[in-house]
Amino acid sequence: IGNNIPIASKTNLDFMNEDEKDDFIKNTTQAIVIHTACHELLGHGSGKLLRQLDDGSFNFEYGKFISPLTNQPIDTYYKLNETYDIKFGEICRSYEECRADMNGLFFGKMIKVGKIFGIESEEELKKIVHTKWNIHIRKGILGLKFYNDISKKWGQAHTQGAYVFASYLLKNQNKEKPILKIEFNNDETNFVIIVNKNELVENGHKLVSDMLTKLNVWKASGNINAAKDFYNEHSYVDETMLKIRKIVIEKMPERALTI
């Protein structure tokens, strides 16, 4: 993983307050390593699909299996010959990457996971978790450059998933004590992304847990209607985000040309 981590420096960290850059640079590598491990092993590597079997029975107790979202029996499932890719269609790749990332954020804050990677103190882990959230939120917001404002389509599955999380966070966080703020300068030609470390520690895990539960239940039960409604709602790019997209594109560095 370390060979594929981009090098962060103060000169290439746009849209971030100066006082956050040192910790971000210091903790980026470890944050990405822990997140990627949890993303792949506990994200993509987990999740049972509730399905109908060849003899008409089910691989779960149909009528008795209670949804943690509704407290009612789950009544959706994968019918014969249905797969996740077929049922979830155009959102399947991005939805799955988003679900895996939520696993990364959920498990990556646990000290017993941190200890696997040599982190011994809660205080050290909190700094790494803050960096990890910063990386993921920035991926979604700065990834607006991959959004096509004409076709209204996203061009990158991982980035769309990160944006969905940022959108969910903005809509569901405590508005009086926000975890995430996006602040424009006076003439709205620039902005900074602020992730409040204290509020993240206080309230962030509950928000991740709630979103992960939704994504897990809907995928497991094949509830494409609920999943698609949620995913389309939080993939939506409103006028404020289009303004941010324009700034991000304008400030993109020119690609080096070797002749």
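These values consider heavy atoms only, across backbone and side chains, with no hydrogens, waters or symmetry-generated copies. Because the structure is a prediction, the values reported are computed rather than measured.
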Has [X] got more than 12 heavy atoms of other residues, nucleotides or ligands less than 6.0 Å from its [atom1]?
X	atom1	value
N186	CG	no
N81	CG	no
E40	CD	yes

Just to verify, what does [X] make a salt bridge (Lys or Arg N to Asp or Glu O under 4.0 Å) with, not counting sequence neighbours?
X	value
E90	K153
K64	none
K115	none
K246	E250

>> Just to verify, what does D19 make a side chain to side chain donor-acceptor pair (under 3.5 Å) with, not counting sequence neighbours?
In response: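 Scan of D19 (side chain to side chain donor-acceptor pair (under 3.5 Å), adjacent residues dropped) gives none.
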>> Just to verify, what does K243 make a side chain to side chain donor-acceptor pair (under 3.5 Å) with, not counting sequence neighbours?
In response: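 For K243, the residues satisfying side chain to side chain donor-acceptor pair (under 3.5 Å) (neighbours in sequence not counted) are E188.
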> What's the shortest heavy-atom distance between F117 and A37, and which atoms?
Replying inline: CZ-CB, 3.6 Å
> Taking all atoms of both residues into account, what is the closest heavy-atom pair of I150 and N148, and its distance?
Replying inline: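 Result for this residue pair: N-OD1, 2.8 Å.
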> Under a 4.5 Å cut-off applied to non-hydrogen side-chain atoms, are Q173 and P178 in contact?
Replying inline: yes
> Hey, what else clusters with I194 if you join Ile, Leu, Val, Met, Phe, Trp, Tyr whenever side-chain heavy atoms sit under 4.5 Å?
Replying inline: V192
For a quick test of your reading: what N or O donor-acceptor pairs under 3.5 Å do the side chains of residues 198-206 make, sequence neighbours left out?
| residue | atom | partner | partner atom | Å |
| --- | --- | --- | --- | --- |
| E199 | OE1 | N203 | ND2 | 3.2 |
| K206 | NZ | D210 | OD1 | 3.2 |
| K206 | NZ | D210 | OD2 | 2.7 |

> Is there any salt bridge (Lys or Arg N to Asp or Glu O under 4.0 Å) pair reaching into residues 219-231, and which pairs are they, with sequence neighbours excluded?
Replying inline: E96-K219
> How would you list all residue pairs meeting salt bridge (Lys or Arg N to Asp or Glu O under 4.0 Å) that involve residues 230-242, not counting sequence neighbours?
Replying inline: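 Sorted result for residues 230-242: K171-E233.
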>> Applying the side-chain contact (heavy atoms from CB on, under 4.5 Å) criterion to V164, which one of E97, M102, H234 satisfies it?
In response: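 Running side-chain contact (heavy atoms from CB on, under 4.5 Å) over E97, M102, H234 with V164 returns exactly one hit, H234.
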Expected list for residues 47-54: side-chain donor-acceptor pairs under 3.5 angstrom, two or more places apart:
| residue | atom | partner | partner atom | Å |
| --- | --- | --- | --- | --- |
| K48 | NZ | N59 | O | 2.9 |
| R51 | NH1 | E82 | O | 3.4 |

> Knowing that exactly one of Y236, Y163, F230 qualifies, which makes a ring pair (Phe, Tyr, Trp, His ring centres under 6.0 Å) with Y168?
Replying inline: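 So the option named by the test is F230.
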Sequence neighbours excluded and cut-off under 3.5 Å, please list the side-chain donor-acceptor pairs for residues 125-137, or say none.
| residue | atom | partner | partner atom | Å |
| --- | --- | --- | --- | --- |
| H130 | NE2 | V195 | O | 2.7 |
| T131 | OG1 | K127 | O | 3.1 |
| K132 | NZ | G108 | O | 3.2 |

